[in-house]
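Read the structure below first, then the notes.
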Amino acid sequence: MIIGVLIEITNKSVDKFFDYKVPVNLISKINIGKRVKVPFASRILVGFILEIKKNSSFDNLKEIIDVIDDEVILNAELLSLGKYLHDKTLASLISCYQVMLPKGYKASIKNKINIKYKKVYYLNDYDSCKLNSRQKEILNLFKDKEKLTEDDLEDISKARLNTLVKNNILRVEFEEVYRFAYDNVEKKIRKLTADQERCVNNILNTDKTVSLLHGITGSGKTEVYMELIARYLAKGLKSIVLVPEISLTPQLIKRFEERFGKKLALLHSALSEGEKYDEYRRIVKGEVDIVIGARSAVFAPISNLGLIIIDECHSDSYKQDNNPRYNAKDVAIKRAEDNNAKVVLGSATPMLEEYARGLKKVYNLVHLDKRVNGKKMPNIAIVDMNKEINKAKGHFSLPLINEINRVLENKEQVILLLNRRGYSSFVTCSNCGEAIKCPNCDITLTYHKSSNILRCHYCGYAINYVVTCPKCHEDSLKDLGVGTEKIEEELNNLFPFSKVIRMDVDTTNKKGSHKKIIDSFSKGEADILLGTQMVAKGLDFPNVTLVGVINADTSLLLPDFRSSEKTFALLNQVAGRAGRGEKEGKVVFQTYNADNYAIYYAKENDYISFYKEEMKVRKLMKYPPYYYLVSLNIYSKDKNLALIESKKCERVCFKYLDKTIILGPSPSSIFKIQNIYHYQIILKYQYQDNIYKILEKLVNYYATINKVNLEVDFNPIYL
Ligand code: ADP
Ligand code: ZN
């Protein structure tokens, strides 16, 4: 028997099957989709079996070393999805298979994650007169019990247990355990409102594959999802729910537990790799009805798939920003088509592409335009910082200070957003004007005051902060710009009797810390929750009656065609955190661009007007949804070579892509990252049949070239 194996190395030039012989003793274990250990060059590596055949066109084949799995890892659907990803992203096939799997299931010789077992003790027949009294004591623990686990017996010394085992009185067996334990929560089912019921029926009855549920914040979309899942389950069909990583809060998980008990599996970065391995295993074994997870959960090998829900469908987290650059929405639609299943996209602020497809009836468009039970949308005020800055205290305008004071007096809570972490965003020398940059990357270092270091948010480079300028050696470094750390300091000065919790990447990098912060704020242990966009998504605290945005412009000024859309979405989301309980909510946006339409329409909570305005810009500028985009990234350690090769790419595009607008090559927005230079070419097209073919040729060409790389990003989120 010969097998074709796809090996773990992600080098494009080894992205083909290697033939191996199977020794007789392993033949019965061979199936397509299992992992094998093989000799490769002078190493031992792991690969997936993708072919079984009688003959090979190569001589002197080596033998495989072992078959790793008892069960297939890549089932028929995953095998075909991997090929689909490879075709759509032009990334290597092995990277497409690896991306679908949790760490413990990937092909990797380094993988140490495995099934966890615990010892279980059973009582054999025994002759009690041979026992001493202390042994009898132990055996008494088995009264009325068939078996006891090692945890049950943790007070008994191992030596005493071993003696009993050696004398054949106790028998040990190993049982598989799952590392992740779900809490016991009380069942809770809410009765849908008439509006929610209408949405559910509409989505159940459409003949379109994709429904877009456009519902304002707090309109009860999550309840609609849960009801849909329940209706599909009643037909024996299972569901996948995708949520952006940072919205996958303990609160949300609890709501699903309340409704569906323990038939859930979670695929979430807050789980350890061991826990993820077990959750995945439960899915494979068919023990699970609903999978909830971030982007890669779209690949969960669930059988009888009926429904895929993508909450906050506008989120950029659904697009992977390294190879393979897939979008989970495309994968969801592909899986739905293959399985005769349905996709529900839900958002208060859909991406323009999505809403346009809804209006064109490519998607079934459904609206929920009121909050549940007649709750009002919060009242939003814009504070023009151009006028207020003279009276402001630090970064807080008087109107925002007054609102915070009012809320604190009422013993209510505040959420404050500043979408930038660290203390200050950059450090410059007031003598020579030098901004302190990362030596490896083309960006400024961020000052983190609590640890007194300057850190590169791209490569992690860090140095101690000193006031001496590295260039002119004067003691005149000053930090400018503002991050969450500085705002926290200002809050502590302005409101000394209030308690502030900060939630950003720096305070949530430890396992469980995210949950701790949310639990603590939820219990009222703090008055003010301050954070980056983490505080904007998915949180539901009834006592929050004020939301403040310190600087509504942070995402507006990014040089990106989606900056308005992102600003609108972020402001809308964070505003939606206010007034979710009995008391009405208020929102304050501080901005230097008070008449910008993204900020204005966010204040008005008017998605449709924003959509219309922004569509005009997109049309004029030839951006999605009017045009498709592809971004080519050409990079090399050699600055000159990167430029030469990017011009070569441009010539190829120019020659073969006759109906495409070609922009560049130009230095990428961050030219140097980790000492590698990046050039970018942007392609815009409406109809260009051969584009995949030509770009694939280019990618294959660069796979054979040393020192220069080409990466292609179809439908990029950022430019
Ligand atoms: P969205 O996902 O659209 O932001 P949610 O589903 O989180 O909205 O609902 C907002 C709030 O209203 C939540 O606190 C939720 O528990 C409550 N809610 C939603 N639907 C109902 C209902 N049918 N009956 C009672 N409360 C509901
Ligand atoms: Zn760096």
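Whatever order the structure lists ligands and atoms in, that order sets their numbers, starting from 1.
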Crowded around K375 NZ? As in, over 12 foreign heavy atoms under 6.0 Å? yes
Are any of the side-chain heavy atoms of V544 and R580 separated by less than 4.5 Å? no
Could you check whether any heavy atom of G215 sits closer than 4.0 Å to an atom of ligand 1, since that is the contact criterion I want to use? no
Intermediate values then yes/no, salt bridge (Lys or Arg N to Asp or Glu O under 4.0 Å), E565 and R618: CA-CA 11 Å; E565 178 176 339; R618 299 289 179 89; 2.6 Å; yes
For ligand 1, is there an atom lying under 4.0 Å from some heavy atom of I216? yes
Of the choices E227, R255, K188, which has the non-hydrogen atom that lies closest to atom 5 (P) of ligand 1? R255
For the residue pair K603 and Y600, would you count it as a cation-pi contact if the rule is NZ or CZ under 6.0 angstrom from the ring centre and within 45 degrees of the ring axis? no
Interfacing atoms of ligand 1 (cut-off 4.0 Å, heavy-atom, L192): 23 (N)
Give the numbers and elements of all ligand 1 atoms closer than 4.0 Å to a heavy atom of R580. 4 (O), 7 (O), 10 (C)
Under 4.0 Å from a heavy atom of T193: which atoms of ligand 1 are those, numbered in the order shown and with their elements? 23 (N)
Which protein heavy atom lies closest to atom 26 (N) of ligand 1, and at what distance to 0.1 Å? R190 CD, 3.4 Å
Would you verify that at least one protein heavy atom lies under 4.0 Å from atom 13 (C) of ligand 1, or report that none does? yes
Ligand 1 N/O within reach of G220 N/O, cut-off under 3.5 Å: yes
Parallel, tilted or perpendicular, judged at 30° and 60°: which one describes the rings of Y355 and Y607? perpendicular
Determine the minimum heavy-atom distance between S247 and K537, stating which atoms define it. OG-CB, 3.2 Å
Closest non-hydrogen protein atom to atom 18 (N) of ligand 1, residue and atom name please, with distance? V372 CG1, 3.9 Å
Nearest protein heavy atom to atom 24 (N) of ligand 1, by residue and atom, and its distance? K191 O, 3.7 Å
Atom 19 (C) of ligand 1 sits nearest the protein heavy atom E223 CG, 3.3 Å
Check whether more than 12 heavy atoms from other residues, nucleotides or ligands sit under 6.0 Å from atom NZ of K510, and answer yes or no. no
Heavy-atom nearest neighbour in the protein, as seen from atom 11 (C) of ligand 1, with distance rounded to 0.1 Å: D540 OD2, 4.1 Å
Give me the nearest non-hydrogen protein atom to atom 20 (N) of ligand 1 as residue plus atom name, then the distance to 0.1 Å. Q196 NE2, 2.9 Å
Does a side-chain N-to-carboxylate-O contact under 4.0 Å join R406 and E403? yes
Any Y84 side-chain heavy atom under 4.5 Å of D330 side chain: yes
Contact (N/O only, under 3.5 Å) between S219 and ligand 1: yes
Identity and separation of the nearest protein heavy atom to atom 2 (O) of ligand 1: T222 OG1, 2.8 Å
Among protein heavy atoms, which lies nearest atom 4 (O) of ligand 1, and at what distance? G218 N, 2.9 Å
What are the two closest heavy atoms between H314 and S347, and how far apart are they? ND1-OG, 2.8 Å
Taking side chain as C-beta onward, heavy atoms only, is I404 less than 4.5 Å from F396? yes
